[in-house]
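The structure presented is a predicted model; accordingly, all values stated were derived computationally and were not measured.
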Amino acid sequence: MTYEEALRKLSPAGQEQLLQYYGELTQEQRDRLLEQIAALDLSLLELVEDGVVEPSKGKLEPLGAVTLEQIREKREMFEEKGLEALRACKVGAVLLAGGQGTRLGSDKPKGMLNVGIHRELYLFEQLIRNLMEVVHRADAWVPLLVMTSQKNDRDTKDFFREHDYFGYNPDYVFFFVQDMAPSVSYEGKIYMEDKDRVSASPNGNGGWFSSLAGAGLLGKLKELGVEWLNVFSVDNVLQKIADPVFVGAVLDAGCVCGAKVVSKAGPDEKVGVLCLEDGKPSIVEYYEMTDEIRNSRGQDGRLLYNYGVILNYLFDITTLTRIMNENMPVHIVEKKIPHIDSSGGPVKPEEPNGYKFETLILDMIHMMENCLPFEVDRRKEFAPIKNRTGVDSLDSARELMRENGIEL
C-alpha cells in the first residue's frame, strides 16, 4: 500500500489522523504503518454508533450431557472410534496461546510460565506432554496449530525451537498469528499506539478460525486429511487434547461440534453454561442467568443448568468454514486504551476511554446445528491458571497436578 492509497482508504471514514506523523518516520516505520492500515477493517467503526449493546438471549432450555457414568459404559467403543480418526489424521489440535502472563507477573507468553517447583516444567511443555499421550496411543502424529499474537509470536516460536518442540515432531507444528482489531475512542477515532503503530488488540477468542484461514492453513489441513479441529486454551494445564474418547463420542453422536463440560460446583459458580437457546446450542454466561434459572433443579435434585464449559471444543471444519463465511457477530467492549495524544505524548488512562472489538467462541457454538456436551472429571481435566493466588491460580493448579501424579 502507498501513502496515497492509505489516504484514499482512511479519508471517507475520517481516520486521516493515522498518517499524522508519516513525515517523521523512517522508511521501515512507514512500511510498517502502511501495512497496518491496509489490514484495517473500517466497517467495524459502524458499531461505535450504538456503543456497548449486549444482545438479549432467546428462550433458554437445559441441555443434558453425556455423563461420566455413560462415558464409562461406552468408553471402549468411543475410544476405538476416536483412535481410528486420529490414525487417519482426521483430527487436528488448535492451541490458543496469544496471551501474555501479565496477571501472573510476567511479560512473556503465558505458555512460558514455569509450573514446576523442584524442576522446570513449562505450561507449553506440559500441554505437549498431554498431547503426546494421545500420539503414543494412536501411534500417529496429531497436527498441532499454535495461535500466537503479534506481541508474543516471536517469543513463542523461539521458545519452541529452543526446547526442540518439547519432543513433538516439528513437521506437525504450525504457527499462525491472531488477527487484530483497531482500538477506538468513544467518538470512533482509531487510536495510535505510537507514531508508527495503530492501536490494535487481538480480535477475541472467536477469531481463531478466521485467523487460521487467513494464514493459509486450511489448504495444509486439507492436504493432511484433517476434518476436525480440537480447540483448547493455553491456561488449563490438565487439558486432554485430541482425546480419542471425546472424539469418538462426538462422531458416534453424529454431531458437528462437541464441548467438554464439568458439573458445576454449585449454582453460583461463575462459569458459562452450555444450554439450548431457541432450540440451538448456546453458552449462557453466569451474569446472564436469572436467579430462577441459576437455581432451578430437576426431580433428581441436580441443577438443570449444570454443565460449565472449559474451553475445549471439537469442531467440524466444513461447518466452521460455513459460519466464517456467514460473518460472526462482533462485540464492542469498553476498555482502558493506552495511546499517544495529538502532540505524540503517551497517555495511560485510569478509566475506560474507548472501545475494542471482539468475536467470541460462544457465538461459534450458537451457530452450530448441534453440539454434544461431554462431561469430564474436573479434578482430572480442569486446572486453569488465571490468577496469582486463590481460585484458579498457579497454586491450585499445582495441587491438582500433584493429585494427578505429575512430578513438580
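For Asn230 and Asn312, the side-chain atoms include at least one donor-acceptor pair closer than 3.5 Å. A donor atom on one side chain and an acceptor atom on the other are not found under 3.5 Å apart for Gln29 and Gln27. A donor-acceptor contact closer than 3.5 angstrom is absent between the side chains of Ser393 and Asp395. In this model, a donor atom of one side chain and an acceptor atom of the other lie less than 3.5 Å apart for Asn203 and Gln178. Inspection of the Ser263 and Glu375 side chains reveals an N or O donor paired with an N or O acceptor under 3.5 Å. With hydrogens and angles left out, the side-chain atoms of His331 and Asp363 include a donor and acceptor closer than 3.5 Å.
Between Ile337 and Val184, the shortest heavy-atom distance links the atoms CD1-O, 3.8 Å. Considering every non-hydrogen atom in both Asn353 and Tyr191, the closest pair reads O-OH, 2.9 Å. Closest non-hydrogen pair, Leu274 versus Cys371, comes out as CD2-SG, 4.2 Å.
The local environment of CD in Glu193 is crowded, with over 12 non-hydrogen atoms from other residues, nucleotides or ligands closer than 6.0 Å. Around CD of Glu326, the count of heavy atoms belonging to other residues, nucleotides or ligands within 6.0 Å exceeds 12. Atom CG of Asp171 sits in a crowded spot, with more than 12 heavy atoms from other residues, nucleotides or ligands closer than 6.0 Å. Counting heavy atoms of neighbouring residues, nucleotides and ligands inside a 6.0 Å radius, atom NZ of Lys222 does not exceed 12 of them. At most 12 non-hydrogen atoms from other residues, nucleotides or ligands lie less than 6.0 angstrom from CD of Gln150. The environment of Arg402 atom CZ is dense: over 12 non-hydrogen atoms of other residues, nucleotides or ligands sit within 6.0 angstrom. In this structure, Lys280 places its NZ atom where more than 12 heavy-atom neighbours from other residues, nucleotides or ligands lie under 6.0 Å away. The 12-atom threshold is not exceeded at NZ of Lys90, counting heavy atoms of other residues, nucleotides or ligands nearer than 6.0 Å.
With rounding to the nearest 0.5 angstrom, the CE atom of Met367 is 12.5 Å from the OG atom of Ser282. Between the CG atom of Asp243 and the CZ atom of Phe232 there is a distance of 12.0 Å, given to the nearest 0.5 Å. Here the CZ atom belonging to Arg322 is positioned 9.5 Å from the CG atom belonging to Asp316, to the nearest 0.5 angstrom. Rounding to the nearest 0.5 Å places NZ of Lys151 at 8.5 Å from OG of Ser201.
Geometric assessment of Arg30 against the ring of Tyr22 yields a positive cation-pi assignment under the 6.0 Å and 45° thresholds. In this structure, Lys270 satisfies the cation-pi test against Tyr286, with its NZ or CZ atom closer than 6.0 Å to the six-membered ring centre and inside 45 degrees of the ring normal.
Take Gln126 and apply the side chain to side chain contact (heavy atoms under 4.5 Å, CB included) test, not counting sequence neighbours, and it matches Leu121, Arg129, Asn130, Val237, Met401, Ile406.
Considering Asp392, Leu104, Asn236 as possible partners of Ile385, the one that fulfils the side chain to side chain contact (heavy atoms under 4.5 Å, CB included) test is Leu104. When each of Leu113, Val234, Val115 is paired with Phe124, the side chain to side chain contact (heavy atoms under 4.5 Å, CB included) condition holds for Val234 and for no other.
Aromatic pair Phe159/Tyr122: centroids less than 6.0 angstrom apart. Side-chain rings of Tyr168 and Phe160 stay apart, their centers remaining 6.0 Å or farther from each other.
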Before giving the answer on salt bridge (Lys or Arg N to Asp or Glu O under 4.0 Å), spell out for Glu79 and Arg137 the whole-Å C-alpha distance, their side-chain angles and the decisive distance to 0.1 Å.
CA-CA 10 Å; Glu79 185 169 38; Arg137 276 155 67 197; 2.3 Å; yes
Criterion salt bridge (Lys or Arg N to Asp or Glu O under 4.0 Å) on Glu84 and Lys81, from CA distance to verdict
CA-CA 5 Å; Glu84 187 181 326; Lys81 195 177 278 275; over 6 Å; no
Step by step, work out the salt bridge (Lys or Arg N to Asp or Glu O under 4.0 Å) result for Glu277 and Lys59.
CA-CA 5 Å; Glu277 179 187 349; Lys59 181 186 176 185; over 6 Å; no
Stepwise, does the salt bridge (Lys or Arg N to Asp or Glu O under 4.0 Å) test hold for Lys110 with Asp235?
CA-CA 7 Å; Lys110 198 169 188 179; Asp235 58 16; 3.6 Å; yes
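Between the side chain of Asp377 and the main chain of Arg379, a donor-acceptor pair closer than 3.5 Å is present. Under the 3.5 Å distance criterion, the side-chain polar atoms of Glu24 are left unmatched by any main-chain donor or acceptor of Tyr21. In this structure, Ser185 contributes its side chain and Lys189 its backbone to a donor-acceptor pair below 3.5 Å. Between the side chain of Arg398 and the backbone N or O of Gly116 there is at least one donor-acceptor pair closer than 3.5 Å.
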Could you list the donor-acceptor pairs under 3.5 angstrom formed by side chains in residues 35-46, with sequence neighbours left out?
| from | atom 1 | to | atom 2 | distance (Å) |
| --- | --- | --- | --- | --- |
| Gln36 | OE1 | Val198 | N | 2.9 |
| Gln36 | NE2 | Arg32 | O | 3.4 |
| Gln36 | NE2 | Asp196 | O | 3.0 |
| Asp41 | OD1 | Ser43 | N | 3.1 |
| Asp41 | OD1 | Ser43 | OG | 2.5 |
| Asp41 | OD2 | Ser43 | OG | 3.4 |

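Counting only heavy atoms from C-beta outward, the side chains of His339 and Met192 never approach each other to under 4.5 Å.
Lys336 has no carboxylate O lying under 4.0 Å from a charged side-chain N of Glu351, or vice versa, which leaves the two without a salt bridge.
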